[in-house]
Amino acid sequence: MKKRSTLIVAALIILSALPFSLNILINMFFEDLDTEMYEQKKARVEQRRQIEKMFPALDTKDPLRPQVKIEEVTEDIAEEKQ
């Protein structure tokens with residue numbers, strides 16, 4: 001009987017520690033994930049700034065479909081031809 005109660009107590013201790021340890025592991029995972037997402041976003045912003053410096057005529061307000069301001073480009077080409 002004593003051996004059985006010892007096993008029950010040990011099982012209860014392990015089961016009560018399980019949610020606490022899972023909580024720690026989940027928090028560590030999401031902290032790394034948040035840091036990784038922040039670094040990716042920061043890199044995208046820096047890349048867009050560099051592109052805007054290299055190509056000032058490029059409209060980067062919509063990053064999926066950057067538009068070149070056609071009027072300004074055609075005016076620049078027309079001025080170069082004259």
Side-chain angles (χ1 to χ4, degrees):
M1 186 71 172
K2 182 167 172 111
K3 187 176 185 181
R4 185 174 179 188
S5 63
T6 306
L7 288 175
I8 291 174
V9 169
L12 286 174
I13 291 172
I14 291 172
L15 287 175
S16 65
L18 190 62
F20 181 70
S21 20
L22 284 176
N23 187 21
I24 291 173
L25 291 174
I26 290 171
N27 285 341
M28 288 170 51
F29 172 75
F30 281 112
E31 182 179 325
D32 291 342
L33 187 64
D34 288 343
T35 304
E36 183 178 328
M37 289 173 59
Y38 172 75
E39 291 296 326
Q40 289 175 352
K41 185 175 181 180
K42 185 176 171 184
R44 282 196 306 265
V45 169
E46 185 60 33
Q47 184 179 22
R48 187 169 66 200
R49 286 181 185 156
Q50 289 176 353
I51 290 171
E52 287 173 349
K53 286 179 185 175
M54 291 170 60
F55 305 104
L58 193 64
D59 180 18
T60 56
K61 290 186 175 99
D62 185 7
L64 296 177
R65 297 175 186 217
Q67 300 290 325
V68 176
K69 297 176 185 172
I70 297 172
E71 297 84 23
E72 292 180 10
V73 173
T74 53
E75 289 173 7
D76 292 340
I77 294 172
E79 289 174 4
E80 289 176 3
K81 286 182 180 179
Q82 291 177 356

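Note that this is a predicted model, so its numbers are computed, not measured.
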Pairing residues for Gln40 by the side chain to side chain contact (heavy atoms under 4.5 Å, CB included) criterion, not counting sequence neighbours = Glu36, Arg44
inquiry  = Taking Leu7 as the starting point, is it possible to reach Leu15 by hopping between hydrophobic residues whose side chains are less than 4.5 Å apart?
reply    = no
query = Taking only residues two or more places apart in sequence, or in another chain, which ones meet Leu22 in a side chain to side chain contact (heavy atoms under 4.5 Å, CB included)?
reply = Leu18
Pairwise side chain to side chain donor-acceptor pair (under 3.5 Å) hits with a residue in residues 10-35, at least two apart = Asn23-Asn27
task = Using the test side chain to side chain contact (heavy atoms under 4.5 Å, CB included), find all partners of Gln50 that sit at least two apart in sequence or belong to another chain.
result = Glu46
task = Report the hydrophobic cluster partners of Val9, with the cluster defined as I, L, V, M, F, W, Y residues connected by side-chain heavy atoms closer than 4.5 angstrom, directly or transitively.
result = Ile13
request  = Starting from Leu25, walk the hydrophobic network (Ile, Leu, Val, Met, Phe, Trp, Tyr; side-chain heavy atoms closer than 4.5 Å) and list everyone else you reach, by chain and number.
outcome  = none
query = In the single-linkage hydrophobic clustering (I, L, V, M, F, W, Y; side-chain heavy atoms under 4.5 Å), do Met37 and Phe30 co-cluster?
reply = yes
